[in-house]
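These notes concern the structure reproduced below.
Note that the structure is a prediction, hence the values are computed from the model and not measured. Heavy-atom basis, side chains included; hydrogens, waters and symmetry copies ignored. Just so it is clear: chains get the letters A, B, ... in the order the sequence lines come, proteins before strands, and each one is counted from 1.
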Amino acid sequence: MFHMTDWKKTAAALDPPIPEADVEKLLPVMDALENSFRPLQKKLTAESDVWTGPEDLA
Amino acid sequence: MTILEMADALRAKKVSSLELTNEALKKIDPRLNAFITVLEESARARASAMDAELSHGIDRGPMHGIPIAHKDLVYTKGVRTTGGSKIFKDFVPDHDADIAASLDRAGTVLIGKTNLHEFAYGITSTNPHFGAVRNPWDTDRIPGGSSGGSGAAVAAGVLPMATGTDTGGSIRIPASFCGVTGLKPTFGLISKRGVMPLGWTMDHMGPITKTVRDAAVAFHAMGGSGAVPSKNADIRGLRIGLPVNYYFDTLDLEVSESVRTAVQTAAALGARIVDIKVPNIDEINVVARVLLLAEATSVHEKHLGRRADMGADVLTLLDQGRLIRGSDYVDAQRLRRIYCREFSKLWNDADCIFTPTTPTPAPKIGQMTMKVGAVDEDVRLATTRLMRAINVLGIPALSIPCGFTKAGLPIGLQILGAPRAEDTILRVGAAIEDATAVVGRTPVR
């Protein structure tokens, strides 16, 4: 399991903050995205470099 | 007429560029709302100049004198470029985008700038500032997006070619929904300079045309290289990968049948059909979303002080992008490399891969969810799920029409290739096009 981000707190801490009324509709989408993305990060190792192009196979 | 037919007619003096241009301007149908700006006067002057060049023996090649349009995020010197946004409604660039300059050097005649999804950040082209673009096959339906105006204009026969950009399917989706051809080349092959960005590492420029050979001609004029596929292109022995997982799992039945018929057509032409197992595309799509949310917000965050001037869907996506952590964005770029390597192994077994372009035909304007097979899906996520990953991989992809539903809506076939294998996918596309009677049908309104 991983620690879920508190999106409301994050949105409020931004400068300028995301208006509260708009934050509510972001929550389910961001939760779903985080739930899908965090497990993928387990694939990464210290050797995992960033993508540099479609032919980057080195 | 296609680009190549127009080129022949111009050289045989059966028609002039001015006549082609006048005809194109006459065919613009305000009901489709495919254009944000129409350039009647300058287009006619340019067409006359191109006619004069041809009559003096100056021939710039197959696009000389051909009327075209640019998606309205391609910078055009002295011509406003809105990006489909209220924020840029009066923006007039002082220089051309590289692709605009390339196509200008090739002798094209610019007749206008096409409507699009705001900032190219969406798939409906239901633009809150310039109005919804409508699908020529059924005006109650979306043309797809974000290059919806380009797709609609080509499908309606106004033009043989318009430019598009593709960050998560924005060339291929309109091609599929409008029954035309769309080429997203290998990432970086066509210059992005002077095109309003959306996702720095996933934006691709490419042509939307009526036919595959026209796509090859336009691709070359935009800076690509290779050959235009010959008539009766030979695909004997070519290995066509058919995914046994993901791409055919949840589809509209008529889409599935049409794409499988295209596979059979390729086999009948002598291609070898090879079953392949693709990497987890859902996972790559998640990576795509993290990348695009962060990149698009990087482009447009400076405009977030003007929230009332943005459409609700775009504003929501830009807000989401502000919540992506920097380390997550970098991790997404690291994961991208892993998936790219996994996917590249498929090219040991296949020369190209056939998939549907979109899982359904065009949804209705305003529709938020749709049934795909037995599943209810969000229209945006469903429409992009067979193509987002391809922008992460940066490989070339071609969408061609491969059939029509019983209701008369076009169905798209997506042909994927290895990096820089545009020649291969264009050759296969041309062979399928020649062997079927799909291209050439035009919407009747």
Side-chain angles (χ1 to χ4, degrees), chain A, chain B residues 185-189 201-202 204 280 282-287 289-291 293 301 304-305 307 312-313 315-325 327-345 347 378 381 390-396 417-421:
Chain A
M1 275 303 289
F2 48 86
H3 179 71
M4 288 294 288
T5 303
D6 183 336
W7 300 113
K8 280 189 183 175
K9 206 182 270 183
T10 309
L14 292 169
D15 180 23
I18 299 173
E20 251 178 71
D22 292 337
V23 174
E24 284 299 326
K25 56 188 173 200
L26 309 181
L27 300 181
V29 180
M30 294 309 292
D31 281 345
L33 186 60
E34 182 158 54
N35 271 318
S36 308
F37 185 65
R38 295 276 172 253
L40 305 186
Q41 288 174 301
K42 291 186 182 138
K43 288 176 187 266
L44 296 168
T45 69
E47 307 272 292
S48 306
D49 206 342
V50 294
W51 183 82
T52 58
E55 291 165 302
D56 175 14
L57 306 174
Chain B
T186 304
F187 178 76
L189 214 56
T201 73
M202 292 195 290
H204 299 66
N280 191 319
D282 275 334
E283 290 182 2
I284 307 179
N285 285 342
V286 169
V287 168
R289 289 180 62 202
V290 171
L291 294 173
L293 285 172
E301 190 167 20
L304 277 169
R307 298 177 75 82
D313 61 335
L315 187 58
T316 298
L317 289 168
L318 293 176
D319 281 341
Q320 287 172 26
R322 295 183 76 202
L323 296 172
I324 300 291
R325 296 200 320 221
S327 57
D328 287 341
Y329 174 78
V330 174
D331 281 355
Q333 289 288 12
R334 295 166 72 206
L335 285 161
R336 186 179 193 176
R337 193 179 206 193
I338 292 172
Y339 290 116
C340 202
R341 287 179 185 184
E342 274 183 31
F343 204 94
S344 70
K345 290 177 188 157
W347 307 123
D378 173 271
L381 294 179
I390 308 310
N391 295 70
V392 170
L393 301 167
I395 58 176
R420 296 180 185 273

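With sequence neighbours excluded, the residues forming a side chain to side chain contact (heavy atoms under 4.5 Å, CB included) with B:Leu381 are B:Arg289, B:Asp378, B:Arg388, listed by chain and number.
Contacts between B:Ala418 and chain A at a heavy-atom distance below 4.5 Å are absent for every atom of the residue. Looking at A:Pro39, neither its backbone nor its side chain comes within 4.5 Å of chain B, counting heavy atoms on both sides. Heavy atoms of B:Leu393 lying under 4.5 Å from chain A belong exclusively to its backbone. For a residue to count as touching a neighbouring chain, one of its non-hydrogen atoms must lie under 4.5 Å from one of that chain's; by this rule A:Lys25 touches chain B with the side chain only. Both the backbone and the side chain of B:Thr316 have a heavy atom closer than 4.5 Å to some heavy atom of chain A. For B:Tyr339, the part sitting under 4.5 Å from any heavy atom of chain A is the side chain, from C-beta outward, and nothing else.
Nearest approach of A:Asp22 to A:Leu26, heavy atoms of both residues: O-CG, 3.4 Å. Taking both residues in full, the closest heavy atoms of B:Arg336 and B:Val392 are given as NE-O, 2.7 Å, listed atom of the first, atom of the second, then distance.
Between the side chains of B:Asn280 and B:Glu342, not a single donor N or O lies within less than 3.5 Å of an accepting N or O.
Applying the salt bridge (charged side-chain N to carboxylate O under 4.0 Å, His left out) test between A:Asp49 and each of B:Arg334, B:Arg341, B:Arg337 identifies B:Arg337 as the sole match.
With respect to chain B, the highest number of heavy-atom pairs below 4.5 Å among A:Leu33, A:Thr5, A:Ile18, A:Val29 belongs to A:Ile18.
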